[in-house]
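Here is the naming used below: chain letters follow the sequence lines, and residue numbers restart at 1 for every chain.
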Amino acid sequence: MGFPKRVVLVKFDPYVPQCIQFGRVLDPSAQRFTVKGAPQRQPDQAAESSQSLPPSQTSLQIKPSRRQLAAQGSQRTDSHPTEESLAPTQPEIEAPDNEAVDRVEDSFTMSSPKQTERVDEQVADRFNDDLSQAIKEAKALAHLPLDEDEDAESPTASTADDGDESGRDDEPLELAPQPRKRSVVSKASALRDKKTLNMNTFQCMDPGAGGYSSQNPNARTIQILEDMCRYYDQMQDTWRTLAYRKGITTLKKQHTKIATAKQAAALPFIGSRLADKIEEIVLTDRLRKLDNTKDDPLDAVLRLFLGIYGAGLVQANKWIQAGYRTLEDLQSKAKLTESHKVGIEHYNDFDSRIPRAEVEAHGAFVNSALRKIDARFEATVMGSYRRGAKDSGDIDMIITGPGATSSTLRTIVLDQLIPQLYKAGFLKASLATSRSNDSTGSKWHGASCLPTSKVWRRMDFLLVPEGEMGAALIYFTGNDIFNRSIRLLARKKGMRLNQRGLYKDVKRGRRGEKLNEGVLVEGRSEKKIFEILGVPWREPHERIC
DNA sequence: CTGCAGGGTCG
DNA sequence: CGACCC
DNA sequence: GCAG
């Protein structure tokens, strides 16, 4: 999702790690600093039951709905709508340190760029076989309007992604609205193999909604839904946000106008609720629900508080219930953790976007310091920067080195690099950091600031041992939807994918709880992981779901 | 009605 | 361990 | 909010 979306395929090395980013997504327009004196009015705007969130509850209930509570844990990802703005069509936005990247790649990836296409095709082909079968299955299971005979040309996976640069306008046809025709599709095929996964449900199998633009017939609808989505994201309603994102992505893939609820509901990831909203938007050019929630003072306060690093629904509601309405209230009256203090003090800093050039500068600063400690190590900026974004929510760097073990990395980074960067005045605060003596630690989260600036930026370091580069690349390349999708796929295949590697023979309980670590299958090569999972290779910029 | 990725850090 | 974050 |  995103705005002007899909633009260039910036010309960077496909293998260059591009990563997922953990930016915060906050609506700049939100009147977060002007919400003082928010009325103490009683909440009545909770139209739907599910909507009666704790927030507004001026009164007693501090308790977030189960939904929301469960929601913790995945919000604010860089893949949020507003975050995906890719750099404008200037192909020249190459990563400044391409060399560095190349080196990294060379050291940690099996295949060289040369072999890329070939490999990809092979994978793709292999995939197609599986796919055609999966597709049938999918059609039987999903209520997609495909005709039986159509699947010969497995649409979805425009497989070996034609590295077409001029962007694409081809859209996955399955999603195309077509005259409803209850395909009597194969109960046979459906029964054939219960284990066949419905690939249509994995967004990682399908190139992102790249062709989307304001030209899309559903542009207006999408715009409003993105507003809703952004709102829910701010409210940290993870699952609703996720659902919206999926639905929006589907809509972006449509090339015809979706005007009725019935029409909309036929699409994947669009259920009755979203369908109704879509119809309302088309009919009235607005969404009442959005209008309401948007200007509720208490919601505004809640969103203000939720924007603080380290503050979630529980904490924010406690503050609200305690009567606090402004950041000043919190600073003067509430008991805050160190993170909260930093988060409040630099609320604006962390809330603002980081220009691409500045991201580069931060990266250079870190890299320079690291090289002085040990020239073999490298720090590479990942995140949306690698995806070619013109600005980022935070700066995310992977630090690795030839033969580096997690232990040596911890020593180098945690005991030397970080302290030095602090001394240099570059690092300003730590928010969450591993301890060099913790054998499992692998990250450092904090804030940095260029000598030439006074705006603090969220900076994350990830320590990645050589043997885990492949998995790390996938993880930090994102986007998050893609990651979650591919991880889910791995799970469905009895495996487990995390930032360290792909594991097989993972035993799980009835409810999916991991009962066993599983056996490491692959961690070093990104491509192999894709291959093993049967996911067609996708360039980083195509992993925007 | 339940799961929605999986894992690290903080208090 | 719950909350929060990536 | 969707899907199973």
Original post:
Do the ring planes of A:Trp319 and A:His340 sit parallel (below 30°), tilted (30 to 60°) or perpendicular (above 60°)?
Top reply: perpendicular
Contact class for [X] (heavy atom, under 4.0 Å): base, sugar-phosphate, or nothing?
{"X": "A:Arg508", "value": "sugar-phosphate"}
{"X": "A:Gly441", "value": "sugar-phosphate"}
{"X": "A:Ala432", "value": "sugar-phosphate"}
{"X": "A:Arg435", "value": "sugar-phosphate"}
{"X": "A:Thr433", "value": "sugar-phosphate"}
{"X": "A:Ser339", "value": "nothing"}
{"X": "A:Leu431", "value": "sugar-phosphate"}

Please determine, for the side chain of [X], which listed nucleotide ([options]) has the closest atom?
{"X": "A:Tyr244", "options": "B:dG8, D:dG1, B:dG7", "value": "D:dG1"}
{"X": "A:Gln499", "options": "B:dG7, B:dT9, D:dG1", "value": "B:dG7"}
{"X": "A:Lys443", "options": "B:dT9, B:dC4, D:dG1", "value": "B:dT9"}
{"X": "A:Arg491", "options": "C:dC5, C:dC4, B:dG6", "value": "B:dG6"}
{"X": "A:Gln236", "options": "B:dA5, D:dG1, C:dC5", "value": "C:dC5"}
{"X": "A:Tyr475", "options": "B:dG8, B:dG6, B:dG7", "value": "B:dG6"}
{"X": "A:Phe269", "options": "D:dA3, D:dG1, B:dA5", "value": "D:dA3"}
{"X": "A:Val314", "options": "C:dC5, B:dA5, C:dC4", "value": "C:dC4"}

When the distance from [atom1] of [X] to [atom2] of [N] is rounded to whole Å, what number comes out?
{"X": "A:Leu462", "N": "C:dC5", "atom1": "CG", "atom2": "P", "result": "17 Å"}
{"X": "A:Leu336", "N": "B:dC10", "atom1": "CG", "atom2": "C1'", "result": "15 Å"}
{"X": "A:Phe202", "N": "D:dG4", "atom1": "CZ", "atom2": "C1'", "result": "12 Å"}
{"X": "A:Arg511", "N": "D:dG4", "atom1": "CZ", "atom2": "P", "result": "19 Å"}
{"X": "A:Asp480", "N": "B:dG6", "atom1": "CG", "atom2": "P", "result": "14 Å"}
{"X": "A:Asp438", "N": "B:dC10", "atom1": "CG", "atom2": "P", "result": "10 Å"}
{"X": "A:Met235", "N": "D:dG1", "atom1": "CE", "atom2": "P", "result": "13 Å"}
{"X": "A:Leu274", "N": "D:dC2", "atom1": "CG", "atom2": "P", "result": "4 Å"}

Original post:
Taking atom P in both D:dG4 and B:dA5, what distance in whole Å separates the two?
Top reply: 14 Å
**OP:** Please measure how far the P atom in C:dG2 lies from the corresponding atom in B:dG3, and state the result in whole Å.
**Re:** 16 Å
**OP:** Inspect the contact between A:Glu279 and A:Lys262 and indicate whether a charged nitrogen and a carboxylate oxygen are less than 4.0 angstrom apart.
**Re:** no
Original post:
Do A:Glu531 and A:Lys528 meet the salt-bridge criterion of a basic N to acidic O distance under 4.0 Å?
Top reply: no
Does a side-chain N or O from [X] land closer than 4.0 Å to OP1 or OP2 of [N], or not?
{"X": "A:Arg500", "N": "B:dG8", "result": "yes"}
{"X": "A:Arg240", "N": "D:dG1", "result": "yes"}
{"X": "A:Lys514", "N": "B:dG7", "result": "yes"}
{"X": "A:Arg273", "N": "D:dG1", "result": "yes"}
{"X": "A:Asn498", "N": "B:dG7", "result": "yes"}

**OP:** Answer with yes or no whether A:Tyr232 presents, from its side chain, a donor or acceptor under 3.5 Å of a partner atom in the base of D:dG1.
**Re:** no
Original post:
Between A:Ser352 and A:Arg457, is a side chain to side chain donor-acceptor pair (under 3.5 Å) present by the stated rule, with each step listed?
Top reply: CA-CA 9 Å; A:Ser352 63; A:Arg457 304 302 195 181; 3.0 Å; yes
Subject >> Partners meeting side chain to side chain donor-acceptor pair (under 3.5 Å) with A:Thr440 (sequence neighbours left out) >> reply: A:Asp438
**OP:** Kindly confirm whether the side-chain ring of A:Trp239 is stacked on the base of B:dC4, judged by centres under 5.5 Å and planes under 30°.
**Re:** yes
Original post:
Residues two or more places apart in sequence or in another chain: which of them pass ring-ring contact (aromatic ring centres under 6.0 Å, His included) with A:Phe426?
Top reply: A:His362, A:Phe365
Subject >> Side chain proximity check, A:Leu242 to A:Arg484, heavy atoms < 4.5 angstrom >> reply: yes
